[in-house]
Q: 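Just passing along the structure, written as structure tokens.
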4 protein chains.
Amino acid sequence: MRAPSLDPDSRRASLVRAAREVFAEKGYHPASVGDIIEAAGVARGTFYNHFESKREIFAAVLAELMLEVGGVVQPIDVRQDIHEQVRANLHRLAAAMASQGAAVRILFTEAEGIDKDGEIALAAFYAHVLARVEKALSDGQRLGVVRPGEVRQSARCLLGMLKEPVMLARLAREPLDAPAMAEAIYGLLRGGVLSV
Amino acid sequence: MRAPSLDPDSRRASLVRAAREVFAEKGYHPASVGDIIEAAGVARGTFYNHFESKREIFAAVLAELMLEVGGVVQPIDVRQDIHEQVRANLHRLAAAMASQGAAVRILFTEAEGIDKDGEIALAAFYAHVLARVEKALSDGQRLGVVRPGEVRQSARCLLGMLKEPVMLARLAREPLDAPAMAEAIYGLLRGGVLSV
Amino acid sequence: MRAPSLDPDSRRASLVRAAREVFAEKGYHPASVGDIIEAAGVARGTFYNHFESKREIFAAVLAELMLEVGGVVQPIDVRQDIHEQVRANLHRLAAAMASQGAAVRILFTEAEGIDKDGEIALAAFYAHVLARVEKALSDGQRLGVVRPGEVRQSARCLLGMLKEPVMLARLAREPLDAPAMAEAIYGLLRGGVLSV
Amino acid sequence: MRAPSLDPDSRRASLVRAAREVFAEKGYHPASVGDIIEAAGVARGTFYNHFESKREIFAAVLAELMLEVGGVVQPIDVRQDIHEQVRANLHRLAAAMASQGAAVRILFTEAEGIDKDGEIALAAFYAHVLARVEKALSDGQRLGVVRPGEVRQSARCLLGMLKEPVMLARLAREPLDAPAMAEAIYGLLRGGVLSV
DNA sequence: AATGAATGAGCCTTCATTCAT
DNA sequence: CATGAATGAAGGCTCATTCAT
């Protein structure tokens with residue numbers, strides 16, 4: 001039975017949706033094009049009418065995820081309580097990652113290994129995110145909300161604090177306690193762990 | 001040309017060495033047994049005289065890496081300057097990770113998705129590491145060197161701070177500035193980033 | 001050169017046909033999937049689009065053979081000359097086996113030792129055949145056409161009388177003289193060999 | 001630890017003994033040289049000091065079996081009760097086959113498939129056996145103990161009666177009831193199954 | 001003669017991709 | 001655009017055999 005000829009964008013979208021689930025569940029390499037078309041209820045050929053390769057659809061999934069995760073962070077309004085806004089952003093980020101659950105893992109663990117030739121905008125994505133965090137830190141320093149000091153490495157560490165708990169929860173097959181994670185990070189940002 | 005007849009341990013070691021490089025460069029799935037034996041200068045059958053499968057040699061590489069990385073951390077002597085010892089450990093860890101370069105990525109990115117059947121001790125490794133970090137934090141709290149508060153999530157974040165800069169440096173194809181990374185983490189642990 | 005796109009049933013059938021010849025000539029283990037696809041004029045992947053494994057296609061060949069050989073035996077009509085009908089059945093069976101030539105050897109020699117996990121219905125097939133023969137003998141006894149006595153072992157021997165001459169002809173690379181064989185068996189059934 | 005340097009014949013014999021068990025349990029193809037040397041407690045190289053190939057040791061096993069099985073048949077003494085002697089021979093044969101159990105299967109099912117190039121004396125063995133049976137039948141006819149008629153096909157059928165029950169018992173994983181089998185065959189030889 | 005590490009051809013199987021319909 | 005049969009390179013693994021010690 002022939003699937004209805006959807007407009008190209010919808011078909012594409014439904015393939016990406018299916019692919020996201022499949023990749024999330026199995027990971028990139030173990031997931032097969034067969035899995036994806038089965039999940040999408042579409043014939044093999046159809047897949048290749050919309051994507052040139054497995055890699056390309058993976059990139060599409062990734063791009064979508066990046067937008068979604070990046071979108072939850074709200075710009076800081078310097079006239080309001082900054083700490084509270086940072087905290088709220090952390091909670092939103094943690095919640096987003098927890099809800100995406102499996103899917104986010106892709107962004108975090110697999111993408112790099114697939115990105116030969118840099119065809120996937122992963123490096124760019126991270127560069128973008130890092131730049132954003134670094135700018136936030138610098139701005140904060142200028143406003144006196146962030147301690148002075150180098151900013152580049154700190155931004156990297158910050159990213160790690162966000163990603164690692166997600167990874168570990170997945171690895172241990174435990175659910176992610178998003179609020180606890182957000183609070184822990186906030187606590188670290190506020191005062192470190194070592195007492196003076 | 002026939003490879004010289006080594007005793008099993010040496011041959012095994014040389015295969016693990018070769019495999020480590022190959023896995024580091026290509027990642028688990030893209031690396032083939034063919035790549036490994038070529039790197040080791042050995043025939044296909046020889047590989048299978050020493051390892052039952054690609055997965056098994058991967059596990060061996062992993063185990064080695066764990067030992068090496070874990071080995072650089074030295075226990076804290078409470079009668080001496082604790083902050084300084086923490087800092088020294090961070091520097092040693094950072095240096096170890098930087099020197100292993102590509103190889104460490106294995107520990108960090110792959111291994112999940114390969115671990116069907118839990119045959120690879122990755123989860124166990126992380127559990128072990130986390131337990132160690134958590135204990136260090138708790139001990140520190142008892143000694144008054146670490147701020148009171150929950151310890152579980154913080155340990156996870158700490159791990160992230162260590163791993164992420166390594167990953168990002170790799171992704172950006174930049175060398176890792178180990179001392180800077182260690183200092184940044186130390187700074188974070190000491191006082192967070194937000195000023196009070 | 002690409003093979004024409006057949007409907008799945010035809011392709012499957014052509015593969016089974018090819019496999020039957022290959023298995024007949026080489027036997028199960030020595031025959032390779034490569035031999036089969038070559039005989040079928042089809043690419044490797046095509047084979048696995050239709051069969052999950054070499055074992056599965058072997059089972060398919062076996063099933064076909066069973067049907068063909070089993071199909072030539074006609075039920076006895078008690079109102080007619082029974083001896084003559086038995087004899088006719090023997091001739092038909094012998095002819096069928098002779099015409100299948102090599103292929104029948106499969107049914108007779110291989111299949112054991114392949115049947116790990118009992119996935120191949122060989123034991124079942126023989127159980128079925130034996131039951132049929134035993135029933136025929138019992139029925140015959142009730143009708144007074146078959147001597148009284150145990151029936152189980154006799155059925156087994158009967159089967160052996162049919163198979164062995166086929167095997168031996170093959171082994172000696174002689175053609176099978178089907179009518180002679182049928183007559184010999186008929187003679188044996190009628191009066192044994194020892195005179196009283 | 002180095003095995004004592006047995007005299008060649010003993011070592012050879014112990015290898016053949018080991019091989020017989022291994023082949024009997026697994027069948028020719030699934031049995032590996034590794035299995036055999038393990039069973040014999042000997043190193044790989046040692047095996048090839050005594051046999052040129054797996055096939056060669058298989059042939060040796062076969063030759064041994066042929067001797068053993070053939071040896072139990074005793075020549076008929078025409079001055080004594082011939083029926084009884086035939087019956088006794090049948091019982092001895094059946095018992096021999098039952099005791100060899102698995103090993104005999106080799107002779108019966110696998111050998112042919114391995115005998116490319118006729119390197120194994122299987123055809124010769126069967127020719128020999130058949131000749132012996134045929135001669136017995138002819139002699140019997142001359143003595144009036146065997147019904148007149150062709151003898152060639154009957155001899156083949158006779159062989160089948162002996163082999164098949166062994167095969168079937170094995171296939172069904174039942175023990176072989178040797179006396180019952182011998183009696184059934186004797187009954188068949190005496191009077192067939194069809195009543196007149 | 002015994003040893004066992006090394007060999008490599010060859011096998012079965014997978015799966016991303018192509019293309020005729 | 002949709003379809004799905006066909007493709008074939010590539011991969012993991014086995015195992016009979018060789019040979020230096």
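What you see is a predicted model; the values in this text were computed from it and never measured. Residue numbers start from 1 in every chain, and the chains themselves are labelled A, B, ... in the order their sequence lines are given, proteins ahead of strands.
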Q: Taking CZ from A:Phe47 and P from E:dC19, how many angstroms apart are they, rounded to a whole number?
A: 17 Å
Q: Does OP1 or OP2 of F:dA2 have a side-chain N or O of A:His50 closer than 4.0 Å?
A: yes
Q: Closer to the 5' end of DNA chain E via nearest nucleotide, is it A:Gly34 or D:Gly45?
A: D:Gly45
Q: Quickly, which of C:Lys54, C:Arg44, C:Lys26 forms a salt bridge (Lys or Arg N to Asp or Glu O under 4.0 Å) with C:Asp35? Name it, please.
A: C:Lys26
Q: Can you tell me the base-pairing partner of E:dA20? Count Watson-Crick or G-U wobble geometry only, both distances below 3.5 Å, and say none if there is no partner.
A: F:dT3
Q: Heavy-atom distance under 4.5 Å between the side chains of C:Ile57 and C:Ile36, does that happen here?
A: yes
Q: Send over the distance from D:Ile36 CD1 to F:dC15 P, rounded to a whole Å.
A: 12 Å
Q: Using both distances under 3.5 Å as the test, list the Watson-Crick or G-U wobble partner of E:dG10, or none.
A: F:dC13
Q: Using a cut-off of strictly less than 4.0 Å, decide whether C:Arg11 has a side-chain nitrogen or oxygen near OP1 or OP2 of F:dA5.
A: no
Q: Rounded to whole angstrom units, what separation is found between the CZ atom of D:Phe58 and the C1' atom of F:dT17?
A: 19 Å
Q: If you take atom types as modelled and just measure distance, does the side chain of C:Arg2 reach the base of E:dT18 with a donor-acceptor pair under 3.5 Å?
A: yes
Q: Pairing donors with acceptors under 3.5 angstrom, does anything connect the side chains of A:Asp7 and A:Ser10?
A: yes
Q: Go nucleotide by nucleotide along DNA chain E from the 5' end; which of A:Lys54 and C:Ser32 gets its closest nucleotide reached first?
A: C:Ser32
Q: Check whether any side-chain nitrogen or oxygen of C:Tyr48 sits under 4.0 Å from OP1 or OP2 of E:dT14, and answer yes or no.
A: no
Q: Could you state the atom-to-atom distance from CD of C:Glu56 to C1' of E:dC12 in whole Å?
A: 14 Å
Q: Need one value for C:Thr46: base, sugar-phosphate or nothing, where a base atom within 4.0 Å counts as base even if backbone is also close, heavy atoms only.
A: base
Q: Give the rounded distance in Å between these two atoms: CD of B:Glu52 and C1' of F:dT14.
A: 12 Å
Q: Which one, E:dT3, E:dA16, E:dT13, comes nearest to the side chain of D:Val42?
A: E:dT3
Q: Measuring from the side chain of D:Asn49 (C-beta onward, heavy atoms only), which nucleotide among E:dA2, F:dA6, E:dT13 has the closest atom?
A: E:dA2
Q: Would you find more than 12 non-hydrogen atoms of other residues, nucleotides or ligands less than 6.0 Å from C:Glu38 atom CD?
A: no
Q: Once you round it to whole Å, what is the distance between C1' of F:dA2 and CG of A:Asp7?
A: 15 Å
Q: What orientation do C:Tyr28 and C:Phe23 show, parallel under 30°, tilted 30 to 60°, or perpendicular over 60°?
A: parallel
Q: Rounded to the nearest Å, what distance is computed from the CD1 atom of residue D:Ile37 to the C1' atom of nucleotide F:dT17?
A: 12 Å
Q: Mind calculating the distance between CZ (B:Arg44) and C1' (E:dA5) to the nearest angstrom?
A: 18 Å
Q: With a non-hydrogen cut-off below 4.0 angstrom, is A:Ala31 in contact with a base, only sugar-phosphate, or nothing?
A: sugar-phosphate
